[in-house]
Peer 1: 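Below you will find the structure I want to go over with you.
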There are 2 protein chains.
Amino acid sequence: MATLLHVPLSPYCRKVRIAMGELKVPFALEEEPVWERREAFVALNPAATVPVLLLDDGHALAESQAIVEYLEEAAEAPFLMGKDAKLRAEVRRLALWFDNKFGSEVTDYLYRERIMKRMAGHGPPNSEFVRAGVLNLEQHLRYIDMLLEQRHWLAGREFSLADIAAGAHLSSLDYMGAVPWVDHPPAHEWYARFKSRPSVRPLLSDRVPGWRPAAHYANLDF
Amino acid sequence: MATLLHVPLSPYCRKVRIAMGELKVPFALEEEPVWERREAFVALNPAATVPVLLLDDGHALAESQAIVEYLEEAAEAPFLMGKDAKLRAEVRRLALWFDNKFGSEVTDYLYRERIMKRMAGHGPPNSEFVRAGVLNLEQHLRYIDMLLEQRHWLAGREFSLADIAAGAHLSSLDYMGAVPWVDHPPAHEWYARFKSRPSVRPLLSDRVPGWRPAAHYANLDF
């Protein structure tokens with residue numbers, strides 16, 4: 001069985017965990033304290049980031065998008081990228097949007113400042129960064145609302161990696177109670193559908209030592 | 001014929017231009033002053049970034065990796081991603097490494113500070129950023145040297161998107177004379193091979209108004 005080296009609340013690890021759940025690929029989880037930069041870990045991935053997927057033969061795959069593309073290609077019934085070429089381009093555009101744009105404009109400012117810094121013992125969050133993250137999150141939620149005015153899922157009619165990437169980031173922020181769902185009914189309704197998927201359930205029992213999740217975090221009817 | 005909206009020295013645009021050249025897809029080029037955030041352009045790509053590929057039917061594709069995957073899937077003889085699944089994962093890992101890690105650690109500090117700021121009229125470069133970019137570039141060139149100790153091209157035996165992504169970033173820096181090739185013989189030899197590919201030639205005549213390229217920029221025997 002493959003082993004995923006991960007950090008529980010990392011959106012990039014969550015993206016791979018959910019994708020594996022959707023594709024019904026069994027895997028074991030192993031926590032990796034990335035901030036320690038263990039020599040054996042850096043040898044597996046010189047970027048020293050999680051997720052890293054260790055295959056049965058010892059081969060290591062890194063970078064969430066490369067891992068998911070690998071899993072999708074290997075799947076008996078691939079469905080995470082969409083069926084036609086233009087839809088696949090839209091799914092990848094949105095997955096990259098959340099991984100990179102949402103990642104640097106929101107997740108880095110909120111999750112990294114508030115949770116990763118604490119786990120790594122790097123002191124309190126920078127309040128200006130947190131403020132920027134909150135403002136940027138509002139813009140991104142508006143974009144999600146706008147997409148959902150025309151689409152049932154983020155990239156189109158079907159659930160796809162776009163929903164997984166977006167939901168992975170938002171679920172980490174939701175753990176912290178940082179998402180103003182009440183102001184964004186379309187995003188709220190979409191996230192409730194996302195959260196009730198069997199692939200997402202295991203994430204709802206993740207815990208960060210010393211930081212209890214928001215009361216509604218694991219609640220499907222929030 | 002498809003039209004690529006681009007900025008001449010943008011590594012992400014160069015990545016798509018080279019990929020289209022390799023796949024022998026004809027296309028027209030149109031410069032897009034991204035810093036103006038034209039309404040019609042933002043409607044095509046809400047991230048307001050180049051490259052954007054306009055297809056014949058008016059459909060717009062954004063995000064360089066999504067565009068290249070689309071082109072590779074549509075190609076009669078796809079070859080940019082590698083043939084077996086593990087190689088494809090390695091090609092994508094490295095393409096993402098250069099787009100994201102090299103991008104934020106080197107390109108943002110050097111190209112964006114020195115060229116994009118000038119084109120957008122945003123003042124002189126921040127010298128601390130430039131210094132950080134120079135230090136980070138040294139680390140990345142060492143990583144490239146290390147890969148090339150074991151491989152003919154960056155991801156393995158064959159030329160791939162990993163070489164295109166890396167070469168696209170380095171070619172923008174090379175325009176500015178910012179790459180210390182002489183200290184990195186393996187990277188130097190690889191880049192000479194990269195530069196002599198027919199797909200790369202058109203980039204060697206790009207010019208930024210008011211900024212002449214380094215003397216060796218277009219020289220294949222540099």
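To find a chain, count down the sequence lines: A is the first, B the second, and so on, and within it residues start at 1.
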Peer 1: Please classify the contact of B:Leu55 with chain A as side chain, backbone, both or neither, using a heavy-atom distance under 4.5 Å.
Peer 2: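 Answer is side chain: those atoms of B:Leu55 sit under 4.5 Å from chain A.
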Peer 1: Can you give me the closest heavy-atom contact between B:Ala66 and A:Leu96, atom names plus distance?
Peer 2: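 Distance-wise, the nearest heavy atoms are N-CD1, 4.0 Å.
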Peer 1: Suppose we count any N or O donor within 3.5 Å of an acceptor, strictly below that value; which pairs fall between chain B and chain A?
Peer 2:
{"unit_1": "B:Asp57", "atom_1": "OD2", "unit_2": "A:Lys86", "atom_2": "NZ", "d": "2.3"}
{"unit_1": "B:Glu73", "atom_1": "OE1", "unit_2": "A:Arg88", "atom_2": "NE", "d": "3.0"}
{"unit_1": "B:Glu73", "atom_1": "OE2", "unit_2": "A:Arg88", "atom_2": "NE", "d": "2.8"}
{"unit_1": "B:Glu73", "atom_1": "OE2", "unit_2": "A:Arg88", "atom_2": "NH2", "d": "3.1"}
{"unit_1": "B:Glu73", "atom_1": "OE2", "unit_2": "A:Arg92", "atom_2": "NH1", "d": "3.1"}
{"unit_1": "B:Glu73", "atom_1": "OE2", "unit_2": "A:Arg92", "atom_2": "NH2", "d": "3.4"}
{"unit_1": "B:Lys86", "atom_1": "NZ", "unit_2": "A:Asp57", "atom_2": "OD2", "d": "2.3"}
{"unit_1": "B:Arg88", "atom_1": "NE", "unit_2": "A:Glu73", "atom_2": "OE1", "d": "3.1"}
{"unit_1": "B:Arg88", "atom_1": "NE", "unit_2": "A:Glu73", "atom_2": "OE2", "d": "2.8"}
{"unit_1": "B:Arg88", "atom_1": "NH2", "unit_2": "A:Glu73", "atom_2": "OE2", "d": "3.1"}
{"unit_1": "B:Arg92", "atom_1": "NH1", "unit_2": "A:Glu73", "atom_2": "OE2", "d": "3.1"}
{"unit_1": "B:Arg92", "atom_1": "NH2", "unit_2": "A:Glu73", "atom_2": "OE2", "d": "3.4"}

Peer 1: Identify which part of A:Ala74 has an atom lying under 4.5 Å from any heavy atom of chain B, answering side chain, backbone, both or neither.
Peer 2: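 Nothing of A:Ala74, per the 4.5 Å heavy-atom cut-off to chain B.
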